[in-house]
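Quick one: the structure is below, and I'll ask about it shortly.
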There are 2 protein chains.
Amino acid sequence: MVKNVTFTDARDGVADCLKCSLRESVLFANLEEKDFEKLHDPIDQYTLPVGSTLYRAGDKGERMYTVRSGVLKLVQYLPDGSQRIVRLIRSTDITGLECIVGETYQHDAVVLHETEVCALPVRVVESLSKENPALHRELLNRWQRALKEADAWLTELSTGSAKQRVARLLLRLVKDTQMSECNLFAREDMGAMLGITTETASRTIAEFKRQSLLVETNTNHFLLDIPNLHRIAED
Amino acid sequence: MVKNVTFTDARDGVADCLKCSLRESVLFANLEEKDFEKLHDPIDQYTLPVGSTLYRAGDKGERMYTVRSGVLKLVQYLPDGSQRIVRLIRSTDITGLECIVGETYQHDAVVLHETEVCALPVRVVESLSKENPALHRELLNRWQRALKEADAWLTELSTGSAKQRVARLLLRLVKDTQMSECNLFAREDMGAMLGITTETASRTIAEFKRQSLLVETNTNHFLLDIPNLHRIAED
DNA sequence: CGCGTTCTTGAGATTGGTCAATAGATGTGG
DNA sequence: CCACATCTATTGACCAATCTCAAGAACGCG
């Protein structure tokens, strides 16, 4: 089911953080040139194909990851073995923060759309943040952002009818893109995000298509009728 | 609906953090005597009656709160006005962490069982944490704990049948008590925690009572049949 | 082009929601 | 301490949404 890609397979090379095209929005955004000089351990960069696993719940966390592009799901498993997706990680997000407090990873992180990440060794982040208040503050910000996101999943994506949940998920997916287009996920994943079955997810998407709330331009690539989806989402 | 208790009404006095009976488990657990000397602003203590509001979503956050005893709900509202409870805050928990990153409060915090809190001004926590790595680390821990809790609500309390959710909530409520007894909440609140209606919450509790999974010793105070509730929860 | 996987759709069973009535509990004032 | 008013919990009947199981269609890969 899950493709077996090891890290070394996927390694692209060493990142040049100073010249990073995402500098503005990344954890290290506020570091200065002198700080980067302290980065003796190089920051590795990887490209991960769809279906590969970045880390697993329970693994000892030694690195956190900045996502440069792509989408990952954070998955937790229920006692009965079914999966529940608790968050999506996208461009400029950080995942694996928990290792800075010495925890093992709390989720499986699985690639939904091809993903590029930079691997930040905990030690590096830890030592930089000790000397650098800006980085330190940014860490807290990230944590708060994750928490906000978790709350939103509960209130928006796990409450109300299937139609409402699907509509809210769609709106959430385009919000960051500024355009009315979005790439959807496998129906099974949508179900696991919304707490509904695969079939209900499929039926709902199909119905939205019939009502022209969605227009499929490519496989799983859609243009959205945002105003009407809003109507459904809030109804 | 919400009782109107102002802060000044409820103020008990000034806390003596050094002699705090919760020192072991509190945010300030690892501070030393010399640190406390820096606490020029006194830490105020309050007792809040059931139904009162500690803070509201959107308020400018100037204090975080350590809960000494009692239970609070953190509530968010949906566009249609219905409420969703995203977390419970109990003894030794901290709430309002978000103000340290300069955010307004993200939830309404409403008292479910009479609650005693200590109010920690952001400035104080901020300045102490700058000089004290232990406190600083404890802040990160608290954030991570909140995040873990948020994830658990999603996977445990918003997934599966109504019976499973209620059973999981009950187990979660006793887990910290070490005993098989617990104080339940109004059915409406249970519904808002589990994403089900008041009626379904009531029916489920009533059914559990009939099956002797719950024995009511006082109004809303129950002894639980933990093994069988586990069976239902995991089923 | 054929195979395996995922998506879609149907039919029927079940759960949970809705609306409404009743029973209990809590609180108030006399 | 009782009677009344109010609020919350429980229960019933009915209905709608969602799940389950199953089959066929579409798609993506080799």
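Every chain is numbered from 1, with letters handed out A, B, ... down the list of sequences.
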Are side-chain heavy atoms of A:Arg68 and A:Gln45 found at a separation under 4.5 Å?
-> yes
Does a donor on one side chain and an acceptor on the other come within less than 3.5 Å for A:Tyr105 and A:Thr95?
-> no
Between CG of B:Asn218 and C1' of D:dA9 the distance, given in whole Å, is 17 Å
Checking side chain to side chain contact (heavy atoms under 4.5 Å, CB included) for the pair B:Leu72/B:Leu54: CA distance, chi angles, key distance, verdict?
-> CA-CA 9 Å; B:Leu72 294 153; B:Leu54 180 58; 4.0 Å; yes
Separation of A:Arg187 atom CZ from D:dA26 atom P, in whole Å?
-> 15 Å
Respond yes when some side-chain nitrogen or oxygen of A:Ser202 is under 4.0 Å from OP1 or OP2 of C:dT8, and no when none is.
-> yes
Taking atom P of D:dC27 as reference, at what distance in whole Å does atom CD of A:Glu188 sit?
-> 20 Å
In whole angstroms, the gap separating C1' of D:dC27 from NE2 of A:His221 amounts to 18 Å
A:Thr219 side-chain N/O to D:dG28 phosphate OP1/OP2 under 4.0 Å = yes
Side-chain donor-acceptor pair present, B:Arg84, A:Thr159, cut-off under 3.5 Å = yes
What do you reckon, are the aromatic ring centroids of A:Tyr55 and A:His107 less than 6.0 Å apart?
-> no
At a cut-off of 3.5 Å, list every protein nitrogen or oxygen paired with a nitrogen or oxygen from nucleotides 15-21 of chain C, distance to 0.1 Å.
unit_1	atom_1	unit_2	atom_2	d
C:dG16	OP1	B:Ala162	N	2.6
C:dG17	OP2	B:Thr197	N	3.4
C:dG17	OP2	B:Thr197	OG1	3.1
C:dG17	OP2	B:Thr200	OG1	2.5
C:dT18	O4	B:Arg203	NH2	2.7
C:dC19	N4	B:Glu199	OE2	3.3

Does a side-chain N or O from B:Arg210 land closer than 4.0 Å to OP1 or OP2 of D:dT10, or not?
-> no
Please check if any side-chain donor atom of A:Glu188 sits under 3.5 Å from a side-chain acceptor atom of A:Thr198, or the reverse.
-> no
Could you tell me the separation between the CG atom of A:Leu194 and the P atom of D:dC19, rounded to a whole number of Å?
-> 10 Å
Between C:dA25 atom C1' and B:Leu184 atom CG, what is the distance in whole Å?
-> 16 Å
Salt bridge (Lys or Arg N to Asp or Glu O under 4.0 Å) partners for A:Glu234, two or more places apart | none
A:Asn220 CG to D:dA26 C1', in whole Å, measures 12 Å
Mind calculating the distance between CZ (B:Arg165) and C1' (D:dT18) to the nearest angstrom?
-> 12 Å
